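Presented below is the structure to which this report refers.
So that the names make sense, note that chain A is the first sequence line, chain B the second, and so on, each numbered from 1. Just so you know, these numbers come straight off a predicted model, no measurement behind them. Only heavy atoms go into these numbers, but all of them, side chains included; no hydrogens, no water, no symmetry mates.
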There are 2 protein chains.
Amino acid sequence: METSEAVDDYLKAILELGGAEDSRVTTNALAERLGVRTPSVTGMLQKLASQHPALVRYERYRGVRLTANGKRRAWELVRHHRLIELFLHDVLKYSWDEVHEEAERLEHFISERFEDRVAAILGDPEVDPHGHAIPPKHEAGPYRAEVPLVAWPLHKPAVISSVSDRNAVALRELERLGLMPGVALTVEQSTPAAFAVRVQARSSPVRLGNDLAGYIQVAATDRRP
Amino acid sequence: METSEAVDDYLKAILELGGAEDSRVTTNALAERLGVRTPSVTGMLQKLASQHPALVRYERYRGVRLTANGKRRAWELVRHHRLIELFLHDVLKYSWDEVHEEAERLEHFISERFEDRVAAILGDPEVDPHGHAIPPKHEAGPYRAEVPLVAWPLHKPAVISSVSDRNAVALRELERLGLMPGVALTVEQSTPAAFAVRVQARSSPVRLGNDLAGYIQVAATDRRP
DNA sequence: CATATTGTTTAGTGTCAGCTAAATTTCTAG
DNA sequence: CTAGAAATTTAGCTGACACTAAACAATATG
């Protein structure tokens, strides 16, 4: 019952494309995310379903979903990924935009021991450098009420909760603009193509295209006393 | 001109089996070392020779040797391996016998950047936890006058220069016996099957089987003033 | 509600790196 | 210097996991 590198990639992708909420994930979406053609996805899903029925539920023409086991395994990989990202950033002094690619490669090959030691060194951290929650060992990621910035109402105060780690160029740009997790902002203006957000402690509003804005997730400002 | 994980393994194995001194390495020896059948080795060598003629020189029935390029690449991998071992030991607090297996997996997947950062954190170290020299970046490993303990003359003072990292069980045993790099000793007695060595700062001689002794390399005591 | 478009699956290939069985070459001992 | 043993290579397969082209479902629109 080993699980190969490729299988791992599929499980993680399914999780990140909606499997976390038990929704069906389509062949197309997977192909897109994994940078692979759709027939390859079909083939892999069939194999996955027949060889690891405990991990996924697959129905012809209707997509896949993860079983409880499948979710556990996928969250484990996400934990690996995010721990490695934080480790690269904090210990090996990688910059924000450099960590994803390396983590993506390494996450498949580290042992339990490596995971544990890294977590210990980092003090059992809860958030990675992009603001994503690091799920505790053996647990699913916590639910967090994130909303894409592009769907946030005008003028309502928000905090950037996370940014996607998948595009290094975009990350560099976001950093330059001061748009990082924890930063408070309000949306001043939004057109189909662009955005103006007012960032706390910045005199003039920041303008950014929809493409960039798409990488940002926000949440309501937390005002517990 | 990419070089795959498997190719890397072959290059490193060739180096470690004598390629470092330009001697021919046999199909058999490679198969043994890599845990693979001989026909697989033949196949791989043929492919290697035809696709990467700049790395190896292969002659049917007469083994392989590394070219200058091949050696450079192989030493790079050795550097990776040893840096990772030291890193796991010093930073992640792995024990002596745990580092090899993990390093063996990770060495293929780390980037230049990872290598550089780790080297920096460790202060450009020169020796790994088993006493093996870490070759400087872009250079071949230094020549070191090591001799297998089993070939060392009786009563002549020696220092353990390195121990093989490839057998975790043996490593634990050696640690228990206090036989680690840097330890001074003399061989008191040797039979075809066993050994008695007197270790500095130990009252009674240590007895060890030829199998264990085979993992130890020694050098003449250095007495530069 | 029939057809066009989109999404998904089947069929057939290719590459990589391993394997076994059998043929061949080289080495070694008498 | 030749027979037998040992080492190496060839031939032919296997299992992953990708791909293209073509068939087939599902959905969306006029």
Side-chain angles (χ1 to χ4, degrees), chain A residues 1-14 17-19 23-66 70 73-74 77 104-105 107-109, chain B residues 1-14 17-19 23-66 70 73-74 77 104-105 107-109:
Chain A
M1 288 293 155
E2 273 301 289
T3 135
S4 77
E5 183 183 348
V7 166
D8 285 351
D9 282 336
Y10 277 82
L11 292 176
K12 188 152 76 89
I14 296 168
L17 289 172
S23 45
R24 293 193 296 103
V25 174
T26 69
T27 304
N28 244 0
L30 279 171
E32 158 92 50
R33 158 73 59 131
L34 293 169
V36 137
R37 302 297 193 156
T38 46
S40 309
V41 173
T42 300
M44 196 65 200
L45 290 181
Q46 289 172 341
K47 183 189 163 185
L48 200 45
S50 85
Q51 291 184 6
H52 303 277
L55 297 178
V56 298
R57 192 102 347 189
Y58 167 63
E59 278 176 282
R60 242 153 110 269
Y61 290 107
R62 1 200 69 260
V64 243
R65 38 182 33 129
L66 295 172
R73 178 83 187 106
L77 292 162
E104 193 75 7
R105 250 179 301 116
E107 63 184 1
H108 300 292
F109 308 108
Chain B
M1 290 293 156
E2 273 301 289
T3 134
S4 79
E5 183 182 348
V7 166
D8 285 352
D9 281 336
Y10 277 83
L11 292 177
K12 188 151 76 89
I14 296 168
L17 289 172
S23 46
R24 292 193 295 105
V25 173
T26 70
T27 305
N28 243 1
L30 279 170
E32 159 92 50
R33 157 75 57 133
L34 294 168
V36 137
R37 301 298 194 158
T38 47
S40 309
V41 172
T42 300
M44 196 65 202
L45 290 182
Q46 289 172 341
K47 185 186 162 186
L48 199 46
S50 85
Q51 291 185 5
H52 303 278
L55 296 179
V56 298
R57 192 104 346 191
Y58 167 63
E59 278 175 283
R60 242 151 113 269
Y61 291 106
R62 2 199 71 258
V64 242
R65 37 179 37 127
L66 295 172
R73 177 86 187 104
L77 292 163
E104 193 74 8
R105 249 179 303 114
E107 63 185 2
H108 300 293
F109 308 108

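Distances shown here put a side-chain N or O of A:Thr42 below 4.0 Å from the OP1 or OP2 atom of C:dT9. The phosphate of C:dT8 has neither OP1 nor OP2 within less than 4.0 Å of any side-chain N or O from A:Gln46. Within the 4.0 Å cut-off from OP1 or OP2 of C:dT24, not a single side-chain nitrogen or oxygen of B:Arg60 is found. An OP1 or OP2 oxygen of D:dT10 is reached within less than 4.0 angstrom by no side-chain nitrogen or oxygen of B:Tyr61. Using a 4.0 Å cut-off, no side-chain N or O of A:Tyr58 falls inside it from OP1 or OP2 of C:dT8. Residue B:Arg37 places no side-chain N or O under 4.0 Å from the OP1 or OP2 atom of C:dG18. In this model, the phosphate group of D:dT8 is approached by a side-chain N or O of B:Asn28 to a distance below 4.0 Å at OP1 or OP2.
Taking for each of B:Glu5 and B:Arg24 the nucleotide of DNA chain C with the nearest heavy atom, the 5'-most of the two is the partner of B:Glu5. A residue-by-residue look at A:Arg62 and B:Leu45 shows that B:Leu45 has its nearest nucleotide of DNA chain D further toward the 5' end.
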Inset, instruction - Apply the test side-chain contact (heavy atoms from CB on, under 4.5 Å) to residues A:Leu30 and A:Leu45: give CA-CA distance (whole Å), side-chain angles for both, the deciding distance (0.1 Å), then the verdict. - result: CA-CA 10 Å; A:Leu30 279 171; A:Leu45 290 181; 4.1 Å; yes
Legend entry - Worked verdict on B:Thr42 versus B:Tyr58 for side-chain contact (heavy atoms from CB on, under 4.5 Å): CA-CA 10 Å; B:Thr42 300; B:Tyr58 167 63; 4.0 Å; yes
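Comparing C:dA17, D:dT10, C:dT8 by their nearest atom to the side chain of B:Ser4 picks out C:dA17. Among the nucleotides D:dA18, D:dT20, C:dT20, the one closest to any side-chain atom of B:Pro39 is C:dT20. You'll find that the side chain of A:Thr27 is closest to C:dT8, out of C:dT8, D:dT20, D:dT9.
The nearest whole Å value for the distance from the NZ atom in B:Lys47 to the C1' atom in C:dA17 is 7 Å. When rounded to the nearest whole Å, the span between CD of B:Glu59 and P of C:dT25 equals 16 Å. At whole-Å resolution of the value, CE in B:Met44 and P in D:dT9 are 15 Å apart. Atom pair B:Leu34:CG and C:dC19:P shows a separation of 10 Å (rounding to whole Å applied). Rounded to whole Å, the distance from CG on A:Asp8 to P on D:dA16 is 15 Å.
Nearest approach of A:Leu66 to A:Ala74, heavy atoms of both residues: CD1-CB, 4.3 Å. Across all non-hydrogen atoms, the minimal contact from A:Asn28 to A:Thr38 is OD1-CG2, 3.1 Å. Across A:Leu77 and A:Glu107, no two heavy atoms sit closer than the pair O-OE1, 3.7 Å.
Backbone-only contact: B:Val36 has heavy atoms under 4.0 Å from sugar-phosphate atoms and none from a base. Across all strands, B:Thr38 comes closer than 4.0 Å to base atoms (heavy-atom distances).
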